Amino acid sequence: MLSTMQDDVPLTISRILRHGMTVHGDARITTWTGEAEPHRTTFRATGERAAQLAHALRDELGIGAEDRVATLMWNNSSHVEAYFAIPSMGAVLHTLNLRLPAEQLVFIVNHAADRVILVNGTLLPLLAPLLPRLQTVEHVVVVGPGDTSVLEGCTPQVHEYEQLLAGRPTSYDWPELDERAAAAMCYTSGTTGDPKGVVYSHRSVYLHSMQVNMAESMGLTTADTTLPVVPMFHVNAWGLPHAVFMTGVSMLMPDRFLHPGPLAEMIAAERPTHAAAVPVIWQGLLEELAATPRDISSLKTVTIGGSACPPSMMRAFEDLHGVRVCHAWGMTETSPLGSLAHPPGGLTPEEEWPYRITQGRFPAGVEARLAAPGGGFAPWDGASPGELEVRGPWIAAAYFGGVGEEPLRPEEKFSPDGWLRTGDVGVISPDGYLTLTDRAKDVIKSGGEWISSVELENALMAHEAVAEAAVVAVTDEKWGERPLAGVVFKEGHDPVPYEELRTFLGKTIARWQLPERWVTLDVVPKTSVGKFDKKVLRRQYAAGELDVTKLG
Ligand code: AMP
């Protein structure tokens, strides 16, 4: 028996856009400019400009259904226009990660066969040298000021964004699309092999946006202003630009001003109530505020994810600034919301902490299981580890195989019965809280037992002298592998003897897990999306480039 509901109403991005620009037309998008006045606009005006962009793309640049239109842009209101215009007209938005090495960017643009690139003028020096190698790009649209002389003589046609939009109709007859059609794509930063493209559908974006908005997720309302520091090229800024158009939450966009100083200034001036970012950015903000106090009292909650958030940092934000950090887990393949660490009700603040420092609980749209090391699945007992596998309506089932090619389902990423293998190792408690202990490839396998590099890092970063710590496995004759601890000392703090750090670790970590090998680093190497890049550390160690001390 079929339902009697309007199941044929497709869940499309144009519906989110229409809703946002009408019901929440006055909600604001403020973009930091680094000048006296930020750029201010509304959802209504953004929707009207999205329509103008769609007209320009179709009528002037010849973009049609399924064509890929790329963006190489910061978080700003023009990027939001592209976010809605491109998928709503039936084309596919391809956000390019501007921090990727040139080789990978070239690979990605060619692989996706992008026909147009929208680029912020400030990023032209990055794009221009790549253009001769971009085989499919016919048009470059320059958004905002920048030195266009670097584009002289390039093959693609160059357009200026404002001129392209000027005079075009401010409404567009958005086509009724299949909700399963491609809406946007994003390549994973690819620690091994070529980057892999995840293609989100209208349906997955729509359902994910509803999840972002739930109280047990980010739970924002029209009274809120969110500051997505997480880039719009990193898993759609965690879904925030779409989600806010559903609920009328205003946005403060940082554009290219992502250093702690300007971030602190824009928070003080524009008073957002929520922010979303990876831990390294927030660590920097803490240090900035310690050096130069600013009023960040408007911030009530901050969603932090993308890599493990050190509990010491969560405490510091709460104790020093009254900001409640919500820890979340996700990946490019999961849109990204996979889990969020809201504690159960009825607990005292102190009792909440053991829940809040986990990676959190899965929302109803995400099913999870742990593939046990010896086969089968580990129980949810909070103690038995396994590789996390997930499935659900906003989880990838495959990677983009290239134009006209079949999707890719490498067996290390997808189980035979269609679950995503996350590569993350952890345990799940009986009440559904996930605690990640490592990346499958970062676990330290010492004498047949597993040591969690993340646990050691978190414990080290709780020491008052340590700014950052990264722990990697190094080969050891006796034990197979042992941990090497790399520490970055806080500015202005004298280095602490390694013995003292080891004793400090011994308060919370079993003796046999304590590292013998130590090295002081200037900085922990980071990937293009701000995560600890442990392969660089491993390579430096293998090449004998690190000044390692071995304790007895
Ligand atoms: P990406 O696709 O670049 O967003 O990377 C996803 C990966 O980041 C996950 O598979 C995890 O390894 C890691 N990650 C994301 N959030 C967390 C978190 N809260 N704690 C630990 N690791 C995380």
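Here the structure is a predicted model, which is why all the values come from computation and not from measurement. Remember, it's 1-based here, ligands and their atoms both numbered in the order they're listed.
With hydrogens and angles disregarded, a donor-acceptor distance shorter than 3.5 Å links the side chain of Gln359 to the backbone of Leu436.
Looking at Thr332 against ligand 1, both its backbone and its side chain come within 4.0 Å, counting heavy atoms. Only the backbone of Ala328 comes within contact range of ligand 1, with a heavy atom under 4.0 Å; no side-chain atom does. At a heavy-atom distance under 4.0 Å, atoms from both the backbone and the side chain of Met331 approach ligand 1.
Classification of the Trp394-His208 ring pair by plane angle, with boundaries at 30° and 60°, yields perpendicular. Under the 30°/60° scheme for interplanar angles, the aromatic rings of Phe84 and His242 are found to stand perpendicular. Taking the six-membered ring where the residue is Trp, Tyr83 and His79 present perpendicular rings, their angle passing 60° and hence far from 30°. Note: Trp380 and Phe362 have tilted aromatic rings, judged against thresholds of 30 and 60 degrees for the angle between ring planes.
Counting only non-hydrogen atoms, the option in Ala308, Gly338, Gly426 that gets closest to atom 22 (N) of ligand 1 is Ala308.
If you number the atoms of ligand 1 from 1 as listed, the ones under 4.0 Å from a heavy atom of Arg439 come out as 9 (C), 10 (O), 12 (O). Residue-ligand proximity, His327 to ligand 1, at heavy-atom distances under 4.0 Å covers atoms 18 (C), 19 (N), 20 (N). Numbered from 1 in the order shown, with element, the atoms of ligand 1 that lie under 4.0 Å from a heavy atom of Lys531 read 1 (P), 3 (O), 4 (O), 5 (O), 6 (C), 7 (C), 8 (O), 13 (C). Close contacts of ligand 1 with Gly306, meaning ligand atoms under 4.0 Å from a residue heavy atom, involve 8 (O), 13 (C), 14 (N), 15 (C), 16 (N), 17 (C), 23 (C). Atom numbering of ligand 1 starts at 1 in the shown order; those under 4.0 Å from a heavy atom of His234 are 1 (P), 3 (O), 4 (O).
Between Ile304 and ligand 1, no N or O atom pair is found at a separation short of 3.5 Å. Between Thr188 and ligand 1, no N or O atom pair is found at a separation short of 3.5 Å.
Salt bridge present: Arg356 and Glu318 bring a charged side-chain N and a carboxylate O closer than 4.0 Å.
For Gly423, the closest heavy-atom approach to ligand 1 does not fall below 4.0 Å. Heavy atoms of Pro336 come nearer than 4.0 angstrom to ligand 1 in no pair at all.
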- request: Go through the steps for Asp417 and Arg391 under the test salt bridge (Lys or Arg N to Asp or Glu O under 4.0 Å), then give the verdict.
  value: CA-CA 10 Å; Asp417 58 347; Arg391 77 169 171 186; over 6 Å; no
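Arg256 forms no cation-pi arrangement with Trp32, by the criterion of a distance under 6.0 Å to the ring centre and an angle within 45° of the ring axis. Taking the centre and axis of the six-membered ring of Trp518, the NZ or CZ atom of Arg502 falls outside the cone set by 45° and 6.0 Å.
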